[in-house]
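Indexing begins at 1, ligand by ligand and atom by atom, following the structure's order. If you're wondering where the values come from, they're calculated on a predicted model, not measured in any experiment. No hydrogens, no waters, no symmetry mates; every other heavy atom, side chains included, goes into these values.
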Amino acid sequence: MARVEVTVDGVKYVDEVEPRTLLVYYLRDHLGKIGTVVGCDTSNCGACTVHMSGPDGVERAVKSCSVLAVQADGRTVTTVEGLAGPDGILHPVQRAFHEQHGLQCGYCTPGMIMASVDLLRENPDPTDDQIREGISGNLCRCTGYQNIVRAVHAAAEEMAATGTAPVEEAPAFNMAVADTPAVQPPAPAEVAP
Ligand code: FES
Ligand code: FES
């Protein structure tokens, strides 16, 4: 087992994990962050995209099925569950996806939103082509992408109008160290005789 100390959505966790554990499964199975989903497990679809800090401390989009949990040691990670403010107000990108109908089944949406936020961090006013390139690592089988592009534009406009930064510079809330036993599966439902 290997020790990993990582701050996820503003909360610091210290855990022992198998060295082969992928970050996406650490997030889902150990921390219960099931908003981050697995679409392909082969780093193709982007559904598992989260933000992870690099050596420079800046968080960038990564496909969490292509990162080992131990590689997140000492880093910060933001999942789609950590985007909304502590008061529950949705991030402008989350709101825009909702308002512009940027999703249908919603399976790609967590990763698509995280990729879009990272795109807007780098380029606050992207063109259509730049948006399509920015989300090119994320596959959507439902929408045809048009409303996703529209949503990213709408979020960019709102953030420019309100002076909102795409991401916080540092986790702003609840830095308490959490003990994180593995998430227990729900008890099986009772079956009537
Ligand atoms: Fe990670 Fe598809 S599940 S890229
Ligand atoms: Fe269904 Fe994108 S909304 S895969």
Side-chain angles (χ1 to χ4, degrees), residues 2 4 6-9 13 15 17-54 58-73 75-84 90-122 126 128-156 166-167 182-183 185:
V4 61
V6 57
T7 299
V8 180
D9 295 340
Y13 298 92
D15 274 312
V17 297
E18 286 191 47
R20 64 177 178 161
T21 303
L22 295 173
L23 179 59
V24 67
Y25 292 113
Y26 173 67
L27 293 172
R28 288 178 56 84
D29 299 342
H30 286 255
L31 306 189
K33 298 280 182 184
I34 56 173
T36 301
V37 297
V38 179
C40 67
D41 227 355
T42 54
S43 72
N44 283 302
C45 73
C48 64
T49 302
V50 299
H51 296 172
M52 187 173 97
S53 63
V58 177
E59 286 194 6
R60 297 182 177 84
V62 298
K63 292 177 176 175
S64 59
C65 75
S66 64
V67 177
L68 294 169
V70 292
Q71 290 177 286
D73 185 43
R75 307 293 175 89
T76 64
V77 171
T78 303
T79 75
V80 72
E81 297 176 48
L83 271 190
L90 293 180
H91 187 283
V93 174
Q94 291 176 303
R95 198 159 48 246
F97 268 68
H98 172 62
E99 291 173 353
Q100 301 296 325
H101 307 289
L103 62 139
Q104 287 180 25
C105 81
Y107 205 83
C108 71
T109 310
M112 200 63 88
I113 286 175
M114 298 310 284
S116 300
V117 172
D118 192 41
L119 165 67
L120 293 175
R121 181 187 58 77
E122 290 219 332
D128 274 21
D129 285 348
Q130 288 167 337
I131 293 172
R132 288 180 184 277
E133 186 181 345
I135 61 171
S136 59
N138 294 69
L139 303 180
C140 176
R141 63 183 182 178
C142 303
T143 64
Y145 300 94
Q146 188 56 40
N147 285 356
I148 291 174
V149 173
R150 194 171 290 143
V152 176
H153 276 305
V167 285
V183 175

Practice task
Name the option, out of Arg141, His101, Met112, that contains the heavy atom nearest to atom 4 (S) of ligand 2.
Solution key: Arg141
Handout entry: Donor-acceptor under 3.5 Å (Ser53 side chain, Thr76 main chain)
Key = yes
Problem - Residue Cys108, metal atom 2 (Fe) of ligand 2, N/O/S under 2.8 Å - result: yes
Exercise for the section: Pull out every atom of ligand 1 sitting under 4.0 Å from any heavy atom of Cys65, numbered as shown with elements. Expected result: 1 (Fe), 3 (S), 4 (S)
Handout entry: Side-chain donor/acceptor of Gln100 to backbone N/O of Arg150, under 3.5 Å
Key = no
Problem - Angle in degrees, rounded to 10°, that SG of Cys142 and SG of Cys105 form at atom 1 (Fe) of ligand 2 - result: 100°
Handout entry: Donor-acceptor contact below 3.5 Å, side chain Asp118 vs main chain Arg60
Key = no
Exercise for the section: Examine distances only and state if a side-chain atom of Glu81 and a backbone atom of Ile34 form a donor-acceptor pair shorter than 3.5 Å. Expected result: yes
Practice task
Identify, by atom number and element, the atoms of ligand 1 in contact range of Ser43, meaning under 4.0 Å from any of its heavy atoms.
Solution key: 4 (S)
Handout entry: Region of Val24 engaging ligand 1 - heavy atom pairs below 4.0 Å
Key = neither
Practice task
Under 4.0 Å from a heavy atom of Gly106: give me the atoms of ligand 2 that qualify, with their elements.
Solution key: 1 (Fe), 3 (S)
Handout entry: Polar side-chain atom of Tyr145 near backbone of Gly102 as donor-acceptor pair, under 3.5 Å
Key = no
Problem - Per-atom contacts of ligand 1 with Gly46, taking only distances under 4.0 Å to non-hydrogen atoms - result: 2 (Fe), 4 (S)
Practice task
Return yes when at least one N/O/S atom of Cys48 is nearer than 2.8 Å to atom 2 (Fe) of ligand 1, and no when none is.
Solution key: no
Exercise for the section: May I ask you to check whether over 12 heavy atoms, not counting those of Glu133, lie within 6.0 Å of atom CD? Expected result: no
Practice task
Determine yes or no for a side-chain-to-main-chain donor-acceptor pair under 3.5 angstrom, with Lys33 supplying the side chain and Val8 the backbone.
Solution key: no
Exercise for the section: Would you mind running through ligand 1 and noting each atom that sits below 4.0 Å from a heavy atom of Asn44? Expected result: 4 (S)
Exercise for the section: For Cys140, take its heavy atoms, then give the atoms of ligand 2 lying under 4.0 Å from any of them. Expected result: 2 (Fe), 3 (S), 4 (S)
Practice task
Answer yes or no as to whether an N/O/S atom of Cys45 is found below 2.8 Å from atom 2 (Fe) of ligand 1.
Solution key: yes
Handout entry: Check: Ser64 side chain, Cys48 main-chain N or O, donor-acceptor pair, under 3.5 Å
Key = yes
Exercise for the section: Verify, without hydrogens or angle tests, whether Arg75 (side chain) and Met52 (backbone) share a donor-acceptor contact under 3.5 angstrom. Expected result: no
Fill in the blank from the handout: Nearest non-hydrogen protein atom to atom 3 (S) of ligand 2, with distance, is Gln104 N, 3.2 Å
Fill in the blank from the handout: A student checking ligand 1 against Gly39 at a 4.0 Å heavy-atom cut-off should list atoms 3 (S)
Problem - Under 3.5 Å: donor-acceptor pair, side chain of Arg132, backbone of Val149 - result: no
Problem - Per-atom contacts, ligand 1 versus Cys40 - under 4.0 Å to a heavy atom - result: 2 (Fe), 3 (S), 4 (S)
